[in-house]
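Right, one structure below, let's go through it.
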Amino acid sequence: MNASNSKRGARGLTAGEDMPDVDLDDDDAADETPAPAGPDVAFTALDWTARTDETDTKVGAEVIQALVKRLPNAPGVYRMMNAAGDVLYVGKARSLKKRVTQYAQGRFHTNRIGRMVRETATMEFVVTRTEIEALLLEANLIKRLRPRFNVLLRDDKSFPYILITGDHASPGIYKHRGARSRKGDYFGPFASAQAVGRTINSLQRAFLLRSCTDSFFENRTRPCLLFQIKRCAAPCTGEISNGAYADLVDEAKGFLSGRSQKVKTEMSDAMQQAAEDLDFERAAVFRDRLAALAHVQSHQGINTQAVEEADVFAIHQEGGQVCIQVFFFRTGQNWGNRAYFPKADPALEASAVLGSFLAQFYDDKPTPRAVLLSHAVDEQDLLAEALSTRAGRKVAISVPQRGDKKDLTDHALQNAREALGRRLAETSTQARLLSGLAETFGLEKPPERIEVYDNSHIMGTNAVGAMIVAGAEGFVKNQYRKFNIRSTDITPGDDFGMMREVMQRRFSRLIKDHGDQMPGEDDAAGEEDMTGNGFPAWPDVILIDGGQGQMTAVRKILADLGIEDRIAAIGVAKGQDREAGRERFFARDKPSFTLPVRDPVLYFIQRLRDEAHRFAIGSHRARRKKEMIRNPLDEISGIGPGRKRALLLHFGTAKAVSRAAMEDLMTVEGISETVARTVYNHFHES
């Protein structure tokens, strides 16, 4: 649907208004975030309107009753918000009036809905033309706003693809993730980057396609190592003709497009023919290529001829948690699987969780022609129609009852059951470790968020501070942060000064962004999704890699910020001779101490510290590498990529540019006298 149709089909309603007059000068209206534009439903800022003051003094069912009278009997999307303006729930309805009336009655089937209604201070609505548009918009808003009472898809990384380029005379094969902006053929999705990597490695042995960059390709004068180990045909140096290489590219595309048996048959016939011609060396090449193709298919797990293109979903609930296992089938081949653990209320049925998950899952991903489910979902026909509308072709959603497709869903269900069992075991172990940590250091309760800090540098150069985060489910890598040390007042190698800067920057920013939700205060956050992904923003415990000196520096910063009493700061000093197991711990208001060598809490802290080491060293090395390859010409104002390229092509190296005379610089194409003088003065102080 185009934007103009959207404006006619979706209109914003607010508390106590049938059709509001939108005032673009209204500060509240200007601050409202418009609904994001999706592939099929596009909304503008005019579609959402500011809240009125009519319901400011009411909460719960009372405020909802005030809204029901003016709502239309039409499809749309509603948002329930608390007094602070945080979105509690996003839902869609065939009839907004009927759905909201159910909330206004005050009779709730579950405690979850009761809590949600009691916290509601206001609601906002969008009217859509059809229920399909409402379903698509609901999924879009849930992913963006992440309301805590909705089912939330927590791991939503894009899927990797295999790309065979089409913008070069000798196409290459690459792993691709993100927008398909480059010309070429895309094959996927694959479940993981590792699956793509393994497949590309095997395809290189089978079809000898290049994987180098175009610039590397253009500058070759002799074949690289991949040609020597028979993983590239070396079109860069003419070891294979353009026509023969194009045939290899076509074979690779055919294999990835589902014509694998035909490709293998033709390759087998060519091998037999070479053997009959007594060209055994050429026959051996085809033999090795056939073996590589067999390797690709043998690592794809289950394959079935009954499914050409489909995604298989299976859901399992246990211990208050949910696992949804997804298998991807394309061109009759299994391209991997992935386990998801959405955040959902334990009281929700599997059908409700799976239905909400599917709508969010396909909000920004291509939809296959068939979707196979282990459980029937709510409004299955509506969901199929919505996905068909988004894809522009028919999408069938079914729950197989027998045959090969039923075997696939059963297999996915078994994987979901096993994945959730492993997660529950890991969570249980992590919970015991967190409880042990709280007992060891005298904390009031097991910590929900632990932050570990470390520094990395070489003689003070390229200094980097690192923060890693852990919680009840292990390391939370999307919360990791690195701090490039910027202060010029710090003496190179001053670890105390570096840690002071890291602490100052980290907690000053935290107070600015989440100061109203500081730990230890009786706030109304409750289960609030403080960081946007269901994880607390404030740490309960911070671990510092260092002894008493480091802890003195850290506690001074925390005291200056007024949060020393709210966060438990613990120092972890390396033991005698830096031997693991002899670490000494420094906590507030108690003498330093050690833990028994075989204490599980000690192992847990060592694992946290080692992860902080790994992240800090990796960040330092990346910064150091970037510093090493930085070109001196990058520091000159007015020298962009074009002029830099011209100078390097003319003189060869940046050092030669630095030694060039003014007259020589002016002979370079694109370098005027003014620019030449700027370059010359940069390298010559006098």
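Everything numeric in this text was worked out from a predicted model, so none of it was measured.
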* Stepwise, does the side-chain contact (heavy atoms from CB on, under 4.5 Å) test hold for L408 with F327? -> CA-CA 9 Å; L408 290 179; F327 278 81; over 6 Å; no

Ignoring hydrogens, what is the shortest heavy-atom contact between [X] and [Y]? Give both atom names and the distance.
X: P368; Y: A310; result: CB-CA, 4.0 Å
X: Y161; Y: P189; result: CE2-N, 3.6 Å
X: L135; Y: A359; result: CD1-CB, 4.4 Å
X: F586; Y: G547; result: CE1-CA, 3.8 Å
X: T594; Y: E583; result: CG2-O, 3.4 Å
X: P342; Y: I324; result: CG-CD1, 4.0 Å

Do [X] and [Y] touch side chain to side chain, with heavy atoms closer than 4.5 Å?
X: K343; Y: R146; answer: no
X: V322; Y: Y340; answer: no
X: I162; Y: L203; answer: yes
X: F604; Y: L434; answer: yes
X: D540; Y: L443; answer: no
X: L510; Y: P539; answer: yes
X: L420; Y: L424; answer: yes
X: V572; Y: L608; answer: no

Backbone N/O of [Y] and side chain of [X]: donor-acceptor pair under 3.5 Å:
X: D454; Y: A466; result: no
X: Q360; Y: L152; result: no
X: S435; Y: A431; result: yes
X: R555; Y: E564; result: no
X: R623; Y: A463; result: yes
X: N415; Y: H411; result: yes
X: R449; Y: V469; result: no
X: E501; Y: F483; result: no
X: S351; Y: D378; result: no

* For R481, check side chain to side chain donor-acceptor pair (under 3.5 Å) against everything at least two apart and list the hits. =>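 Expected list: none.
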
* side chain to side chain donor-acceptor pair (under 3.5 Å) with T552: which residues, sequence neighbours excluded? ->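 Counting only residues at least two positions away or on another chain, T552 forms no side chain to side chain donor-acceptor pair (under 3.5 Å).
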
Should the heavy atoms of other residues, nucleotides or ligands under 6.0 Å from [atom1] of [X] be counted, would the total exceed 12?
X: Q548; atom1: CD; result: yes
X: R180; atom1: CZ; result: yes
X: K445; atom1: NZ; result: no
X: E418; atom1: CD; result: yes

Salt bridge flag under 4.0 Å for residues [X] and [Y]:
X: R588; Y: D565; answer: yes
X: R423; Y: E426; answer: no
X: R614; Y: D610; answer: no

If I take atom [atom1] from residue [X] and atom [atom2] from residue [Y], how far apart are they, to the nearest 0.5 angstrom?
X: N455; Y: M499; atom1: CG; atom2: CE; answer: 4.0 Å
X: L256; Y: W335; atom1: CG; atom2: CH2; answer: 5.5 Å
X: N150; Y: L348; atom1: CG; atom2: CG; answer: 9.5 Å
X: L145; Y: N140; atom1: CG; atom2: CG; answer: 9.0 Å
X: L141; Y: L136; atom1: CG; atom2: CG; answer: 11.0 Å
X: W538; Y: I511; atom1: CH2; atom2: CD1; answer: 4.5 Å

With a 3.5 Å cut-off and no angle check, do the side chains of [X] and [Y] form a donor-acceptor pair?
X: S428; Y: R432; value: yes
X: Y89; Y: E119; value: no
X: Q325; Y: N337; value: yes

* To do: From the options R338, R330, K365, select the one residue that forms a salt bridge (charged side-chain N to carboxylate O under 4.0 Å, His left out) with D311.
  =>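 When salt bridge (charged side-chain N to carboxylate O under 4.0 Å, His left out) is applied between D311 and each of R338, R330, K365, only R330 qualifies.
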
* Does the side-chain contact (heavy atoms from CB on, under 4.5 Å) test come out yes or no for I200 and K175, once each step is laid out? -> CA-CA 8 Å; I200 288 179; K175 176 176 66 178; 4.1 Å; yes

* Go through the steps to decide whether M498 and D495 satisfy the test side-chain contact (heavy atoms from CB on, under 4.5 Å), and finish with yes or no. => CA-CA 5 Å; M498 294 178 192; D495 286 327; 4.0 Å; yes

* May I have the step-by-step check of side-chain contact (heavy atoms from CB on, under 4.5 Å) for N484 and V464, ending in yes or no? => CA-CA 5 Å; N484 291 327; V464 174; 3.7 Å; yes

* **side-chain hydrogen bond (donor to acceptor under 3.5 Å, both in side chains) between Y174 and R182, worked out** => CA-CA 11 Å; Y174 308 99; R182 186 170 183 181; 4.9 Å; no

* Asked: Parallel under 30°, tilted from 30 to 60°, perpendicular over 60°: which one fits the rings of H176 and Y186?
  ->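 Answer is perpendicular, since the angle exceeds 60°.
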
* Where does the angle between the aromatic ring planes of F507 and Y453 fall among parallel (under 30°), tilted (30 to 60°) and perpendicular (over 60°)? ->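 Taking Y453 first and then F507, their aromatic rings sit tilted (interplane angle of 30° to 60°).
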
* With F159, which of F328, F190, Y362 fulfils ring-ring contact (aromatic ring centres under 6.0 Å, His included)? ->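 In the set F328, F190, Y362, the residue that makes a ring-ring contact (aromatic ring centres under 6.0 Å, His included) with F159 is F328.
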
